[in-house]
Amino acid sequence: NVLVIGSTGQIGSELTMKLRGLYNGNIVAGYIPGAEPKGELLESGPSAVVDVTKPEQIGEVVSKYKIDTIYNLAAILSAVAEVKPQLAWTIGMGGLFNVLEVAREKQCAVFTPSSIGSFGDNTPKDKTPQDTVRDPKTMYGVTKVSGELLSNYYNVRFGVDTRSVRFPGLISYVTPPGGGTTDYAVDIYYSAVKGEEFECPIAAGTYMDMMYMPDGLRAAIEIMEADPSKLKHRNSFNIASMSFEPEIIYNKIKEYIPDFKMVYKVDPLRQAIAESWPNSLDDTCAREEWGWKPEYDLDAMTRDMIEKLRQRFGK
Ligand code: VAH
């Protein structure tokens with residue numbers, strides 16, 4: 001049985017549904033008041049209030065549903081985390097600590113996303129290695145590096161089965177992201193399909209690793225199904241699929257929507273964060289240790305995003 005904490009967020013909403021399609025047991029949709037599951041997510045399986053800052057709530061749900069795997073997706077994303085750094089730490093690290101303590105007591109495996117945001121300015125930017133310096137200057141990055149260290153500690157010290165991947169910017173059409181630096185790569189598709197001019201907050205030439213959500217979901221599931229004896233790393237694996245800058249994704253979209261227009265309106269906060277992140281990751285270890293490989297490139301993602309958003313907006 002699986003508990004998805006943050007099941008109504010950008011990753012959680014799709015991961016919960018995919019897990020329910022894959023496994024027979026209970027896939028519990030954890031949520032916080034104000035972010036209730038709706039529609040199919042609500043009707044297709046159990047849900048429960050799970051606020052990661054309240055350890056008793058986590059423990060009660062884990063016991064009630066005999067949870068053996070926790071996906072801990074509660075987080076404040078990079079741009080919002082710079083505006084509310086204390087909240088980002090409380091949710092990111094306070095929450096993770098509570099999840100790991102419950103997992104230690106009740107023998108649960110734990111998946112916690114890390115991110116390309118765990119790297120900083122002095123990390124090699126091209127084909128960023130799996131094991132390299134991680135000295136982020138954002139609170140988001142600090143919570144991701146600290147989360148990796150704490151998760152590894154709980155594995156070594158207490159034997160908790162903790163695993164993690166460093167997600168690139170995830171692009172999806174189901175649930176919009178909330179407050180990330182890579183959100184522009186989602187918003188640009190919405191503008192293009194709606195026939196609106198897109199104001200890009202990230203400057204031309206700024207490369208970031210990106211990934212289509214179906215690949216991200218598969219990574220989160222496949223790493224938890226991997227043979228633990230083959231894992232030389234745990235928290236957290238570089239995974240990669242594509243890397244682009246705004247001009248590249250703009251021109252790809254124009255192949256499908258020729259009259260699409262974009263102007264730059266750079267957001268200094270997100271631009272500074274984006275510049276501190278890698279241009280591309282080396283994901284050799286994930287490929288060798290648990291068979292990771294991406295299935296979507298920029299063209300396949302663009303075709304699918306435009307098709308699905310046109311269905312949504314009746315275009
Ligand atoms: C963010 N989408 O922008 C998240 C993610 C790699 C980017 O961590 O903060």
Side-chain angles (χ1 to χ4, degrees), residues 6-18 35 41 73 75-83 113 115-117 140 165-204 206-220 239-257 260-267 269-271 273-274 277 281 294-313 315:
S7 67
T8 58
Q10 185 199 9
I11 301 173
S13 60
E14 295 192 61
L15 181 65
T16 307
M17 294 309 293
K18 180 161 182 157
L41 182 59
L73 307 179
I76 302 288
L77 293 184
S78 56
V80 173
E82 280 313 294
V83 177
S115 159
I116 57 173
Y140 182 71
V165 297
R166 291 171 184 149
F167 279 124
L170 290 173
I171 295 165
S172 61
Y173 58 85
V174 176
T175 305
T181 300
T182 60
D183 295 2
Y184 91 90
V186 177
D187 301 336
I188 191 170
Y189 285 109
Y190 280 74
S191 296
V193 168
K194 288 178 180 172
E196 295 161 0
E197 180 178 84
F198 180 61
E199 290 183 351
C200 188
I202 300 293
T206 312
Y207 279 85
M208 285 188 272
D209 261 63
M210 300 284 184
M211 182 175 288
Y212 198 30
M213 183 62 84
D215 275 340
L217 300 177
R218 196 167 42 78
I239 55 171
S241 69
M242 61 186 98
S243 163
F244 55 73
E245 51 100 355
E247 286 296 306
I248 292 173
I249 184 171
Y250 170 62
N251 286 308
K252 174 54 70 178
I253 292 172
K254 273 169 68 79
E255 288 177 25
Y256 294 88
I257 305 177
F260 176 42
K261 292 278 179 290
M262 174 171 84
V263 293
Y264 287 96
K265 195 171 178 203
V266 176
D267 167 6
L269 169 64
R270 279 181 284 179
Q271 183 61 28
I273 295 174
W277 289 354
L281 291 195
E295 289 174 4
Y296 284 87
D297 62 9
L298 178 59
D299 189 59
M301 172 171 75
T302 300
R303 259 205 316 278
D304 199 53
M305 278 292 282
I306 290 173
E307 181 197 319
K308 297 291 194 317
L309 289 174
R310 277 179 169 156
Q311 285 166 11
R312 162 105 58 85
F313 300 124
K315 292 281 179 186

Atom of [X], atom of [Y] and distance for their closest heavy-atom approach:
{"X": "Ala203", "Y": "Tyr264", "result": "C-CE2, 4.0 Å"}
{"X": "Leu77", "Y": "Gly179", "result": "CB-O, 3.5 Å"}
{"X": "Arg270", "Y": "Pro201", "result": "NH2-CB, 3.8 Å"}
{"X": "Val80", "Y": "Gly178", "result": "CG2-O, 4.4 Å"}
{"X": "Ile239", "Y": "Ala219", "result": "CD1-CB, 3.7 Å"}
{"X": "Ile116", "Y": "Asp209", "result": "CD1-O, 3.9 Å"}

Can you check whether [Y]'s main-chain N or O pairs, donor with acceptor, with [X]'s side chain at less than 3.5 Å?
{"X": "Ser241", "Y": "Met210", "value": "yes"}
{"X": "Ser78", "Y": "Tyr140", "value": "no"}
{"X": "Thr8", "Y": "Ala35", "value": "yes"}

Do you see a donor-acceptor pair shorter than 3.5 Å between the side chains of Asp299 and Tyr256?
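Yes, side-chain donor-acceptor contact under 3.5 Å.
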Using only heavy-atom distances, determine whether the side chains of Asp304 and Tyr212 contain a donor-acceptor pair under 3.5 Å.
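Result is yes, a qualifying pair exists.
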Salt-bridge test for Glu307 and Arg310: reply yes if a basic N is under 4.0 Å from a carboxylate O, no otherwise.
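Answer for the salt bridge query: no.
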Determine whether [X] and [Y] make a side-chain contact, defined as any pair of heavy atoms from C-beta on separated by less than 4.5 Å.
{"X": "Phe167", "Y": "Ile11", "answer": "yes"}
{"X": "Met301", "Y": "Met211", "answer": "no"}
{"X": "Ile273", "Y": "Glu82", "answer": "yes"}
{"X": "Leu298", "Y": "Ile249", "answer": "yes"}
{"X": "Tyr190", "Y": "Pro176", "answer": "yes"}
{"X": "Met213", "Y": "Gln10", "answer": "yes"}
{"X": "Thr302", "Y": "Glu255", "answer": "no"}
{"X": "Tyr189", "Y": "Ile306", "answer": "yes"}

Reported [atom1]-to-[atom2] distance for the pair [X] and [Y], which is rounded to 0.5 angstrom:
{"X": "Leu73", "Y": "Thr16", "atom1": "CG", "atom2": "OG1", "result": "7.5 Å"}
{"X": "Ile171", "Y": "Thr182", "atom1": "CD1", "atom2": "OG1", "result": "7.0 Å"}
{"X": "Arg303", "Y": "Lys252", "atom1": "CZ", "atom2": "NZ", "result": "8.0 Å"}
{"X": "Leu15", "Y": "Met17", "atom1": "CG", "atom2": "CE", "result": "11.0 Å"}
{"X": "Ser191", "Y": "Lys261", "atom1": "OG", "atom2": "NZ", "result": "13.5 Å"}
{"X": "Leu170", "Y": "Asp215", "atom1": "CG", "atom2": "CG", "result": "9.5 Å"}

Sequence neighbours excluded, which residues qualify as side chain to side chain contact (heavy atoms under 4.5 Å, CB included) partners of Ala192?
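Ala192 satisfies side chain to side chain contact (heavy atoms under 4.5 Å, CB included) with Ile253, Ile257, Phe260 only.
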Do the rings of Tyr184 and Phe244 sit parallel, tilted or perpendicular, given the 30° and 60° boundaries?
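The rings of Tyr184 and Phe244 stand perpendicular, inter-plane angle above 60°.
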Partners meeting salt bridge (charged side-chain N to carboxylate O under 4.0 Å, His left out) with Glu245 (sequence neighbours left out):
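Glu245 satisfies salt bridge (charged side-chain N to carboxylate O under 4.0 Å, His left out) with no residue once adjacent residues are dropped.
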Kindly determine whether Cys200 and Tyr250 satisfy side-chain contact (heavy atoms from CB on, under 4.5 Å), including the steps that lead there.
CA-CA 10 Å; Cys200 188; Tyr250 170 62; over 6 Å; no
